[in-house]
2 protein chains.
Amino acid sequence: MSLRHAILGLLERQPSTGYELARRFDLSLATAWHASHSQIYPELSKLEAAGLVEVVARGARQSKTYALTESGRDELRRWLVEETPDRSQRNEGALRLFLGQLLDPGDRQAVFERDLDYIEEQTEQLRALQSVLEPGEPFAAQVDLGLRINAVLAAWLAEQVEQPGPDGEHDGRGPAR
Amino acid sequence: MSLRHAILGLLERQPSTGYELARRFDLSLATAWHASHSQIYPELSKLEAAGLVEVVARGARQSKTYALTESGRDELRRWLVEETPDRSQRNEGALRLFLGQLLDPGDRQAVFERDLDYIEEQTEQLRALQSVLEPGEPFAAQVDLGLRINAVLAAWLAEQVEQPGPDGEHDGRGPAR
DNA sequence: GTTGACATGTAACAAGTTACATGATTGA
DNA sequence: TCAATCATGTAACTTGTTACATGTCAAC
């Protein structure tokens, strides 16, 4: 279960409330993991029961700020260093790039242009983020990686859209319109 | 639910048994989607009940070969062209790259070297696949994209391993050994 | 004959989503 | 005071995993 370690990692960077974690999942961690509050709150309770996190502050509106305990830090390191990563993938975007090849040229071009728009939008956001970060910040390296991958994706999509592609002599058996 | 459309896409390329689909999920679709036979068989039944696939051959060992029906092809195209992609991510590898920055330099180097080994191994497999494919084959473009992304990842990981990194002056609050 | 790959299924459990539900505080 | 945001939780459902269970066929 990676949700647990995603939460531990976010709390290691910065103690947070469940509500703040939910936002951080969609900001700093958006390209790596997603979780909604209905998953986060029960998991925080379990982590607290297991002694991996603790409430370090209570603020207005019944808010509870959690931080890692020593054993939480140990568990995070153990997971990162000792546990074999799960490399299995489930990525709808990648699936669509793969299956897009089955479409006839007109549909494929429309679909890939939509993807390209999305990549360009995401690239702008990463650039905005980059300009705010200090260059020494560890997180800056991740932003840089994201930008490099986006550049590769954008170039590939542009190539797919330009060329009629190998499906140009479409045979009518594909999922054409 | 993308499993449904992943299956439709695989069957559009090549009619298959459930057993063959399970293998193809871990071969051609490995970088985009994963599914095990215990998920595939029930979904094939549902797809057949919905009239999106049909049994086109029965072979030895009670095997059933499925293929798309006309409405299966329509549904696949509709999903690809009309439905808004779910861009939310859940990628343990990316999460680990992100959280790896929290480790002290020694641990981080070990972890990133392990990742680099994995990328290089996967790159070799892609190259082997590439040498087998005809250049016109639509699937060749996907293999090419995979190789380009791997090259970016490998370069980034090599940089992270070479430099002691911004965490060189580790402050003892991270998940150090 | 027995091992290994082919082939299909179900059951119990874990993980994740969507909808429901409530309340506090801030600023206009 | 009213709307938006902050803040936390639960319930019902869907999706995905692991383990259980069975049987066929080919090659050695």
Side-chain angles (χ1 to χ4, degrees), chain A residues 1-8 10-11 14-27 29-30 32-50 53 55-66 79 83-92 95, chain B residues 1-8 10-11 14-27 29-30 32-50 53 55-66 79 83-92 95:
Chain A
M1 194 212 336
S2 306
L3 169 64
R4 161 161 299 207
H5 300 98
I7 290 176
L8 290 176
L10 286 175
L11 291 181
Q14 174 70 51
S16 308
T17 66
Y19 185 87
E20 287 165 340
L21 285 176
R23 278 187 314 166
R24 295 175 66 199
F25 266 103
D26 285 338
L27 294 173
L29 220 52
W33 208 263
H34 168 78
S36 48
H37 78 273
S38 60
Q39 231 191 327
I40 292 168
Y41 289 118
E43 188 59 33
L44 280 171
S45 300
K46 285 184 210 160
L47 285 166
E48 192 184 13
V53 305
V55 176
V56 292
R58 284 166 191 272
R61 301 170 202 178
Q62 281 90 47
S63 76
K64 287 176 282 183
T65 300
Y66 291 88
W79 183 75
E83 206 150 305
T84 303
D86 176 2
R87 312 281 189 183
S88 71
Q89 295 270 13
R90 203 166 277 113
N91 181 324
E92 187 175 310
L95 177 63
Chain B
M1 194 212 337
S2 306
L3 169 64
R4 161 161 301 208
H5 301 98
I7 290 175
L8 290 175
L10 286 175
L11 291 181
Q14 173 71 53
S16 308
T17 66
Y19 185 88
E20 287 165 340
L21 285 175
R23 279 187 315 166
R24 294 175 66 199
F25 267 103
D26 286 337
L27 294 174
L29 220 50
W33 208 263
H34 168 77
S36 48
H37 77 275
S38 60
Q39 230 191 328
I40 292 166
Y41 289 118
E43 188 60 32
L44 280 172
S45 299
K46 285 184 210 160
L47 285 166
E48 192 184 11
V53 305
V55 176
V56 291
R58 284 164 191 272
R61 301 170 205 179
Q62 280 92 48
S63 75
K64 287 176 282 183
T65 300
Y66 291 89
W79 182 75
E83 206 150 304
T84 303
D86 175 3
R87 312 280 189 184
S88 71
Q89 293 272 13
R90 205 167 276 113
N91 180 325
E92 187 176 310
L95 176 63

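In what follows, chains carry the letters A, B, and so on, assigned in the order in which the sequence lines appear, proteins first and then strands, with residues in each chain numbered from 1.
- Position along DNA chain C of the nearest nucleotide to B:Lys64 versus A:Arg61 favours B:Lys64 as the more 5'-ward residue.
- When each of C:dC6, C:dG16, D:dT10 is scored by its nearest atom to the side-chain atoms of A:Ser38, the top-ranked nucleotide is D:dT10.
- The NE2 atom of B:His5 sits 15 Å away from the C1' atom of D:dT15 (whole-angstrom rounding).
- Two residues, B:Ala60 and A:Glu20, neighbour DNA chain D, and the one matched to the more 5' nucleotide by heavy-atom proximity is A:Glu20.
- The listed nucleotides are D:dA19, C:dA15, C:dA7; the one nearest the side chain of A:Gln39 is C:dA15.
- The nucleotide whose nearest atom lies closest to any side-chain atom of B:Tyr41 is, among C:dG16, D:dT8, C:dA7, C:dA7.
- Look at CD1 on A:Ile7: it is 12 Å from P on D:dT8, rounded to the nearest Å.
- The side chain of B:His37 lies closest to C:dG9, out of D:dC25, D:dT5, C:dG9.
- Rounded to whole angstrom, the span from the CD atom of B:Glu92 across to the C1' atom of D:dT17 amounts to 14 Å.
- The CZ atom of A:Arg4 sits 12 Å away from the P atom of C:dG16 (whole-angstrom rounding).
- Around CZ of A:Arg87, the count of heavy atoms belonging to other residues, nucleotides or ligands within 6.0 Å exceeds 12.
- Regarding A:Ile40, its CD1 atom lies at a distance of 12 Å from the C1' atom of D:dT8, rounded to whole Å.
- When all heavy atoms of A:Tyr41 and A:Tyr19 are compared, the closest pair comes out as OH-N, 3.3 Å.
- Put simply, the side chain of A:Arg58 never gets that close to the backbone of A:Thr65: no donor and acceptor are under 3.5 Å apart.
- Among all heavy-atom pairs drawn from B:Leu11 and B:Ser16, the shortest one is CD2-N, 3.6 Å.
- In the set D:dA19, C:dT17, D:dT5, C:dT17 carries the atom at the smallest distance from any side-chain atom of A:Ser36.
- When rounded to the nearest whole Å, the span between OH of B:Tyr19 and P of C:dC6 equals 4 Å.
- Considering only the side chain of B:Met1, D:dT15 comes nearest among C:dG23, C:dT8, D:dT15.
- Taking only distance into account, the side chain of B:Thr17 never meets the base of C:dT8 through a donor-acceptor pair shorter than 3.5 Å.
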* To do: Determine, stepwise, if the pair B:Arg4 / B:Leu47 fulfils side chain to side chain contact (heavy atoms under 4.5 Å, CB included).
  => CA-CA 8 Å; B:Arg4 161 161 301 208; B:Leu47 285 166; 3.6 Å; yes
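- Side-chain proximity of A:Arg90 to C:dT17, D:dT17, C:dA5: nearest is D:dT17.
- Remark: B:Lys46 is not in phosphate contact with D:dT14, judged by side-chain N or O atoms under 4.0 Å from OP1 or OP2.
- Using a 4.5 Å cut-off on side-chain heavy atoms (C-beta onward), A:Phe25 and A:Ile40 make contact.
- Between the CD atom of B:Glu43 and the P atom of C:dG9 there is a distance of 13 Å, rounded to whole Å.
- Checking C:dT17, D:dT8, D:dT17 against the side-chain heavy atoms of A:His34 singles out C:dT17 as nearest.
- For A:Gln62, whose side chain is taken as the heavy atoms from C-beta onward, the closest listed nucleotide among C:dA24, D:dT17, C:dT18 is C:dA24.
- Straight-line distance from the CG atom of A:Leu3 to the C1' atom of C:dG16: 9 Å, rounded to whole Å.
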